[in-house]
Every structure is written in C-alpha cells, then in structure tokens.
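Residue numbering restarts at 1 for every chain, and letters A, B, ... go by the order of the sequence lines. Scope of the values below: all heavy atoms of this structure, side chains included, with no hydrogens, waters or symmetry mates. None of these values were measured; they are calculated from a predicted model.
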Amino acid sequence: MLDIRGLDAAYGDVRVLSGVSLSVGAGEIVALLGPNGAGKTTLMSAIAGLLRPGAGTIRWNGEDLTALRPHVVVERGVVLVPEGRRLFGGMTVQENLELGAFTERARRRRAESFARVYALFPDLRERRRQLVRALSGGQQQMVAVGRALMTSPALLMLDEPSLGIAPRLVAAIFAALAEINRGGVGIFLVEQNVQAALTLAHRAYVLESGRVVSHGAAADVLRDPHVRRAYLGPLAVRP
Amino acid sequence: MSILAQQLLLGLLIGGLYGLAAAGLSLVFGVMKVLDVAHGELIMLGGYGAFFAVGLLGLDPFASLALVIPGALLLGVVLYLGLFGFVVRADEETRVKNSLLIGFGLALALHALAVRLWTADERSIVTPYGGAVLTLGELTIPLVRLLSLLLALLLIGGLHLLLARWRWGKAIRATAEDWQAALLTGIDVRRAYLLAFALGTALAGAAGTLVSVGYSVSPSIGLEWTLKALIVVVLAGLGSMLGTFVGGLVLGVAEAASAAAFGGPYREVVGLVIFVVVLVARPRGLFGK
Amino acid sequence: MSDARHERAWAIGILAALAALALLPLAVRRDDVLNFVFLVLLSITLAQSWNVVAGYAGQVNLGHAAFFGLGALLARRLWIGGAPIVAAMAAGAALAAAFALVIGAPAFRLRGAYFAIGTLALGEILRTTVGNVLPEISTLPAATIAGYRLTDRYYMALALAALSVLAVATLAGSRAGLGMQAIREDEAAAEASGVGALRLKLTALALSTALAGLAGGLFGYYHISYYPAHAFNPTWTFDALLMTYIGGVGTLHGPVLGAVLYVVLKEYLAVRWVDFHLLIFGALFVAIVLLLPGGLVQAVERVRRRPAGPSGR
C-alpha cells in the first residue's frame with residue numbers, strides 16, 4: 001500500500017508539487033488525472049526515486065521510500081513505466097525483458113514472469129529477437145509494460161501509456177492492465193485518455209498546478225461536472 | 001613495393017594495439033560519459049607492471065597478463081571509488097569537462113610518479129623468442145607483434161562476449177543507452193559504472209603489457225597513447241568493441257601509409273589531422289545523438 | 001567571483017609589487033635570483049594569457065603551447081635577423097593571434113571537452129611539424145651571446161607581466177569582458193540576450209594567443225639555445241593551466257598567485273626530485289577540481305563570506 005503525505009517538490013525555484021497527499025491500496029487501480037504541467041510526472045518520478053522531494057513522505061507498506069535510490073525502490077516492488085517508454089533501443093525484446101528481471105527477487109521468478117508477459121502480449125513472443133527500436137509505438141509500449149512486469153512488482157506505475165499509440169493497441173494494453181491487476185498487482189496510472197483511465201480505475205485523483213483538487217471513486221470523478229468540462233469536452237477521446 | 005607492404009603490415013600490427021587501447025576509453029566514455037585522459041597513463045602503468053612481472057618474477061611477458069589484468073581491474077576500482085565516481089554525480093556536459101580536468105591532473109601525477117620511481121628511460125621486455133619472425137612471401141612478420149595482435153583481438157572479443165552475455169555486461173550496455181531507464185529497471189547504475197571503469201582500466205593495462213613486449217615503455221608514452229585512443233574512438237564511433245578494433249587497424253595502416261608517402265616523422269601527424277577534421281566535421285562533438 | 005573593487009585592489013597591489021621588482025636588479029647582483037624572478041614573471045604572463053580564454057570565455061584551450069611556440073619561432077627569427085626585439089616580439093604575437101583567428105571559428109563549433117582535446121591535437125600537430133621541419137637547435141650568434149645582458153630580459157619580462165595584468169584587468173571591466181563572463185556562465189542564455197558569442201570568444205582567443213605569443217617571444221629572447229619544437233611542448237599549456245586553476249581561474253590575481261606558488265614549489269622541489277612538483281600539483285589540481293571548482297581563490301572567498309545560517313546545499 002502506497003501512502004503519500006504532504007509532498008512538496010520543486011525544480012530550482014519553481015514549485016511543482018504542493019502538499020500532495022494520496023494513496024493506492026493493495027490491488028487497487030488508481031488513476032491520476034490533470035492537465036499538462038500539473039506535476040503528474042514529477043510525482044511519479046518522486047515515487048520512483050528519480051528526484052528527491054522537498055518535503056513530505058512517501059511510504060510503501062510502511063517503509064519510507066523517499067531517500068531510497070531508484071533501483072532499490074524497484075527491489076521493494078514499486079516500478080515505473082516512464083513517459084515515452086525509455087526502452088533500450090539497441091537491444092532485443094528478449095534482452096529488454098530479461099533486464100527487467102535484474103533484481104535478486106525478480107530473477108528468482110524470471111521464468112514465470114516471462115510466461116506471464118508472453119501470455120499477455122503474444123505479439124512479443126513472436127518478435128522477441130527483434131531490436132526494440134524496430135517496433136511500432138504500441139509494441140514498444142507492450143515491451144515497456146512487460147519489462148516492468150518482469151521486475152515482479154506489487155505496484156505498477158505508468159506515465160501516459162496511451163500517448164502516441166493507435167487506439168486499437170491502447171485497448172489491448174488497457175485490457176492487459178486489467179488482467180495484471182486481477183493477478184494482484186496494484187496499478188497507479190497517469191493518463192490523458194480520461195475515459196479509458198476512469199473506466200479501468202477503481203479510484204481517481206485530479207491534480208492541478210501541483211495540488212490535489214479532487215478525488216473519489218472513478219465513477220464519481222467521471223460524473224464530476226468540473227472534470228467533464230475540463231477533460232471530457234468536445235475533444236474527449238473515445239475508448 | 002614489398003617495402004611498402006612490409007610497412008603497412010607493421011602498421012596493421014600496431015593498429016591492433018591502438019584498437020585495444022581505444023576499447024577501454026570507448027567503454028568508459030560510452031557508458032559513463034567520462035573522458036579519462038589519463039587512459040594513456042594507465043596503459044603506461046600496465047607496461048611497467050608487465051616489465052616488472054617479467055623482471056622480478058621471471059614470468060613470460062604474455063603470461064604476465066594474468067597478473068596485470070587483475071591488478072588493473074583493482075586499480076580501476078580504486079580510481080573509480082576515489083575519483084571518477086564523484087564526477088558522475090554531475091550532468092553529462094559537466095561530467096565530460098570535469099573528467100577531462102581530473103584525468104589531466106591524474107595523468108600529471110602518475111607521470112611524475114613514474115619518472116620518480118622508474119626514471120625517464122625507455123624499457124623494453126626482452127624475450128628469448130623476441131627476434132623470431134614468420135616469413136610470408138616477401139613479408140617478415142615479427143612473431144611477438146603478431147602474438148600481441150592476436151591477443152588484442154582475443155581480449156576485445158572477450159569483452160564483446162562479456163557485454164553480450166554476462167548479466168552485468170547487459171546492465172552496462174543498458175546504462176550506456178539510458179541510465180535513468182536502467183535505474184527504473186532495477187539496475188544499480190553506480191555499480192555498472194564501477195564495473196565499466198574497472199574493465200576499461202583492465203583493457204588499458206593489457207594494452208600496456210602488449211606495448212612493452214613488442215615495443216617499449218617509458219613514462220612519457222602516456223600522452224601519446226591517450227591521443228591514439230582518442231583518435232580511434234573518434235574514427236570508429238562508440239558502441240561496438242569490434243568496430244573500435246577495426247578503427248585501430250585503420251589508424252595503424254593510415255600511419256604507415258603516410259610515413260611511406262611523406263616520410264617517417266609525419267607518421268604521428270596524419271592521425272591527429274584526421275582527428276581534428278572528424279571532430280570539427282561533427283560539431284555536436286563525439287557521436288552527438 | 002570577486003567583485004570589481006576587490007579586483008581593482010588586487011590590480012593595484014600586483015602592479016605595485018611589479019614596480020618594486022623593477023628595483024631588484026639594482027639591489028641584487030646575483031644571476032640566479034634574477035633568473036628565478038624572470039621565470040616567475042614569464043609564468044605570470046603565460047598563466048594570464050591562458051586565463052583569458054578559460055576564465056573569461058569559459059573554454060579550456062589545451063593547444064595553448066602552439067601560440068607560445070609560434071611567438072617564439074617568429075620573434076627569434078626576426079630578432080636574430082636584425083630586427084629590434086620589441087618589433088620581433090610584436091610580430092610573433094601577431095602571428096600567434098592570426099593563427100588563432102584562422103582556427104578559431106571552426107574550433108569554437110566544438111563544445112567544452114571536445115574543444116579541449118581538439119586544440120590539444122592541433123598543438124601536437126604543430127609541435128610535430130615544427131620538430132620535423134626545424135630539427136636543429138637554434139643558437140644565438142656569438143656576437144649576441146657576448147652582448148647578452150640578463151637585466152634586459154628581466155625588464156622585458158617585468159613589462160610583459162605588467163602588460164598581461166593590465167590587459168586582463170581592462171578586459172574584465174570592459175563590456176566585452178562582461179559579455180564573456182555571461183557566456184561562461186550560460187552560453188545559451190547569453191546568446192538569447194544578444195551577446196554575440198562567437199565574436200566575443202574570438203576576441204578572447206586573439207588576446208589570449210597574442211599574450212602567449214609575446215611570452216613565447218620573451219622565451220626566444222631569453223634562451224641562448226634551444227630546440228624550436230621545445231617551445232611547442234604541451235607542458236607549457238599544462239603549466240599555465242595548473243597555475244591558473246590553482247590560483248583561481250577567471251580572476252585577475254589567481255594566475256599571479258598560482259604562478260608564484262608554482263615556480264617557488266618547482267624550484268624548491270627540483271633541488272630534491274625532478275618533476276616531483278608535478279606530482280604534487282597534479283594531486284592538488286585534482287583535489288581542487290573535485291572540491292572547489294574555482295580554485296584556491298574561491299576557497300578564500302568562501303571562507304571570508306561564510307553565511308550566518310545553514311547553507312542551502
């Protein structure tokens with residue numbers, strides 16, 4: 001269970017997060033919504049250990065994550081699929097996935113992790129010897145999610161997984177996320193595709209200008225008039 | 001004609017060592033974005049290490065690699081933990097600049113230390129088979145230099161395999177591509193850096209050993225070999241160890257060709273000119289992405 | 001970075017010290033003392049010349065020796081050929097600056113460390129070529145040797161040291177100097193606010209190499225015989241770099257302090273161990289780069305300005 005209290009973060013003099021508090025329960029799917037520049041990626045980076053918050057705590061199953069280095073956070077079972085995927089382009093699908101099972105704990109489960117990933121994304125099994133940079137955006141996203149799964153996580157965080165991906169593949173990825181969650185893995189999702197996110201998620205938070213302005217059950221947030229106006233206007237993306 | 005062929009052959013033979021020398025520098029730069037300009041001094045130390053292993057322990061110089069390589073690995077660990085490990089805490093551009101300065105200071109200190117310990121004299125390892133040659137038609141191939149070339153190739157091949165198959169080798173490659181992604185995958189990037197630096201130093205030590213057998217070593221070869229390694233890295237590009245080896249061969253042959261065309265003293269100049277031209281033709285610097 | 005009043009105080013102090021040194025040959029007749037001070041003065045000029053590009057334009061020029069060498073080459077040629085020494089040295093400086101301007105524009109396309117290794121390679125190209133083209137030792141004609149007066153060289157060195165200090169002082173206070181410092185801090189921002197980066201860098205380079213060329217001319221004036229390629233040896237660059245960094249790059253007084261310290265240590269240690277001063281300086285340099293990016297001068301500044309409360313980092 002992820003518990004964040006009073007998180008502040010800044011880049012130099014620019015304050016990006018102010019007093020952010022939220023939580024993700026075991027096995028929950030929680031969505032984080034908000035406009036560009038709201039601080040969503042910063043929040044994800046802070047949880048993952050890539051940046052140090054100025055104040056506040058990030059607790060995972062009671063342990064304080066704030067001072068831990070990113071690879072240790074992964075060892076604890078919290079993994080981030082970053083925006084833009086950040087795969088190792090010069091290496092094959094298989095190698096990328098393999099590297100996912102780098103930590104001690106993950107390595108022990110490597111065989112079953114591989115089985116799980118290939119079951120979820122059969123396309124990848126076919127392409128496993130291909131260089132990742134030769135794949136399409138959607139396939140790369142599958143590799144990214146797969147690689148994260150290989151770390152044997154208890155909480156899977158994703159930053160804009162649908163960005164730049166064909167709608168058909170977005171559906172497939174979201175279906176896979178649902179499947180992953182059914183296997184007991186919690187999901188914390190930053191997503192611009194509000195409709196899809198709120199359909200998948202149990203709960204949601206809305207972040208604006210570095211503050212949490214709204215939260216609740218996904219269905220309620222979906223019905224919130226402010227949310228509808230801001231994020232589901234005429235340009236709403238259909239799932 | 002056969003004189004030219006002979007010269008080119010000798011160029012090829014030393015080119016293998018240029019490739020080996022460059023491989024260590026390339027690995028460290030590619031993974032850590034650290035430009036260790038003391039790399040040549042590390043080669044120099046490897047050469048002295050071999051020289052004394054032979055002189056004091058009576059080892060065969062090629063066998064002394066078994067001592068020099070682990071020793072160099074250890075030295076690499078020490079240098080990383082004591083020096084270059086601090087450099088990697090900055091962003092990429094600052095890193096390159098700081099590593100240049102630190103490498104410079106280190107090179108000076110190592111050079112002065114070597115002069116103090118071993119005098120400025122040239123040393124060469126003499127072996128019973130030192131004069132042996134292989135004759136191929138009109139070509140005379142010095143056996144020691146041929147063995148050195150083969151060993152260099154072997155070592156580079158070994159490195160390539162390490163990077164391709166070893167768990168930490170892959171981690172090193174991943175870190176070289178995207179260190180943040182590597183961290184997010186659970187790779188301890190600082191340890192990857194440490195390993196890469198140690199490996200780079202080991203390669204330098206090995207190169208030094210081979211240099212002292214087939215050629216000679218003195219405290220002042222440091223700068224010379226750093227420049228050779230830099231030239232090959234610029235020529236060959238980052239990312240492929242085998243490509244770096246070939247780049248070394250190309251430089252060796254180019255030097256021999258220019259010495260044949262313009263006279264011996266201009267051997268050094270061609271590499272440097274190539275270097276400057278390539279650097280300037282790619283204004284974003286070495287392999288800017 | 002010390003403020004302008006500070007620098008002015010330093011400038012006055014240094015020039016006063018140099019003025020005092022003008023009286024030295026009258027008080028002391030010993031050649032070894034004069035030779036020692038000569039070396040310090042030459043080093044000051046060399047370090048200041050390197051400081052112009054590194055400290056004010058923010059680039060590490062590792063080919064600096066090439067300009068020293070070119071100055072020495074031409075000045076010596078002309079002077080032995082009969083030209084008055086001042087004219088010969090000026091010509092040497094002009095040659096150095098001209099060469100710098102030719103390679104400057106393409107060289108400055110390189111960033112940071114690549115500029116450094118590129119200039120290093122260029123310096124080596126020159127050194128090797130000069131060594132091949134002019135391998136014989138250059139010796140003064142007998143008549144000149146007979147008329148050799150150390151005090152002439154001494155006063156020339158003094159004048160050059162003063163000149164280099166004045167030049168840097170003027171630069172630092174000028175608009176060009178401020179523009180250069182802006183580039184050094186953040187080139188992108190400086191460009192955006194209209195500072196013509198390339199032109200300023202070239203100006204800095206021209207001044208730097210002209211001073212180096214003058215120092216080279218002085219070198220050619222001083223030595224009775226030497227190998228022309230020796231003046232192109234990278235150790236001249238490295239010495240300048242060390243002195244400037246240890247004293248404090250980008251300040252007026254840094255290179256002066258660094259030069260004094262360097263030469264004193266070198267002469268003292270050379271009595272016991274040749275080159276040992278380099279071991280110490282190398283280690284010191286590494287420590288400084290790691291710990292204090294600005295050199296010893298910055299350390300002193302920091303100590304003096306220690307804040308009352310807890311510091312931010």
Side-chain angles (χ1 to χ4, degrees), chain B residues 29 33-35 37-38 82-83 86-87 93-116 119-120 219 223-224 226-227 230-231 234 262-286 288, chain C residues 54 58-60 62-63 103 105-129 131-133 135 187 233-235 237-239 241-242 245-246 249 269 272-291 293:
Chain B
F29 187 64
K33 305 297 178 285
V34 156
L35 199 57
V37 291
L83 274 185
F86 298 103
V87 175
E93 199 178 308
T94 316
R95 241 187 243 193
V96 181
K97 184 163 164 197
N98 279 349
S99 62
L100 184 88
L101 294 174
I102 288 192
F104 167 74
L106 180 65
L108 270 185
L110 288 176
H111 177 264
L113 193 63
V115 170
R116 175 75 187 88
T119 82
L223 178 61
E224 198 188 308
T226 299
L227 282 173
L230 277 172
I231 295 170
V234 166
F262 305 112
Y266 287 99
R267 174 183 296 266
E268 306 305 309
V269 176
V270 72
L272 293 169
V273 170
I274 293 175
F275 179 70
V276 172
V277 167
V278 175
L279 255 195
V280 174
R282 293 161 160 269
R284 277 149 79 216
L286 295 175
Chain C
Q59 296 273 50
V60 174
L62 290 183
I103 59 123
F108 279 127
R109 288 166 78 200
L110 301 174
R111 294 257 153 275
Y114 311 123
F115 176 81
I117 56 184
T119 48
L120 176 68
L122 263 172
E124 283 296 279
I125 290 175
L126 247 79
R127 181 176 70 88
T128 317
T129 310
N132 293 334
V133 170
E187 182 155 343
N233 197 304
T235 46
T237 307
F238 301 153
D239 284 356
L241 191 155
L242 284 174
Y245 257 93
I246 286 174
V249 64
L269 289 174
R272 282 113 147 290
W273 294 293
V274 178
D275 271 8
F276 199 59
H277 67 292
L278 281 178
L279 175 57
I280 294 186
F281 266 81
L284 199 59
F285 180 74
V286 169
I288 285 177
V289 171
L290 274 180
L291 304 170

**Study point:** Atom pair OG1 (T226(B)) and CG (L120(C)), whose distance is rounded to the nearest 0.5 Å
**Key:** 9.0 Å
Review point. Any idea which heavy atoms bring L100(B) and I117(C) closest together, and the distance?
Key: CD1-CG2, 3.9 Å
Review point. Where do L227(B) and E124(C) come nearest, in terms of heavy atoms and distance?
Key: CD1-CG, 3.7 Å
Study note, to complete from the structure: Closest non-hydrogen contact found for P234(C) with L223(B) is CG-CD2, 3.8 Å
Check your understanding: Rounded to the nearest 0.5 Å, how far does CG of L108(B) lie from CG of D239(C)?
Key -> 8.5 Å
Review point. Do F104(B) and L242(C) come close enough that some side-chain heavy atom pair is under 4.5 Å?
Key: yes
Review point. Taking the side chain as C-beta and beyond, is there a heavy-atom pair between F285(C) and I102(B) under 4.5 Å?
Key: no
Check your understanding: Residues two or more places apart in sequence or in another chain: which of them pass side-chain hydrogen bond (donor to acceptor under 3.5 Å, both in side chains) with R267(B)?
Key -> none
Exercise for review: Return the option, out of T235(C), V286(C), T119(C), with the maximum number of heavy-atom pairs under 4.5 Å with chain B.
Suggested key: V286(C)
**Study point:** Segment of F238(C) engaging chain B (4.5 angstrom heavy-atom cut-off)
**Key:** both
Check your understanding: Can you tell which of V96(B), V269(B), V273(B), L101(B) has the highest number of heavy-atom pairs within less than 4.5 Å of chain C?
Key -> L101(B)
**Study point:** Residue pair A109(B) / A283(C): nearest heavy atoms and the distance that separates them
**Key:** CB-N, 4.2 Å
Review point. Checking heavy atoms, do the side chain of L241(C), its backbone, both or neither come under 4.5 Å from chain B?
Key: side chain
Study note, to complete from the structure: Closest non-hydrogen atoms of G118(C) and L279(B), given as atom of the first, atom of the second and distance, are CA-CD1, 3.7 Å
Exercise for review: Specify which of V37(B), V276(B), L106(B), N98(B) makes the most heavy-atom pairs with chain C at under 4.5 Å.
Suggested key: V276(B)
Practice item. Working to the nearest 0.5 Å, report the span between CG of L278(C) and CZ of R116(B). Key: 14.0 Å
Review point. Where do L290(C) and G82(B) come nearest, in terms of heavy atoms and distance?
Key: CD1-O, 4.5 Å
Exercise for review: Could you tell me whether the side chain of N132(C) reaches within less than 4.5 Å of the side chain of Y266(B), counting heavy atoms only?
Suggested key: yes
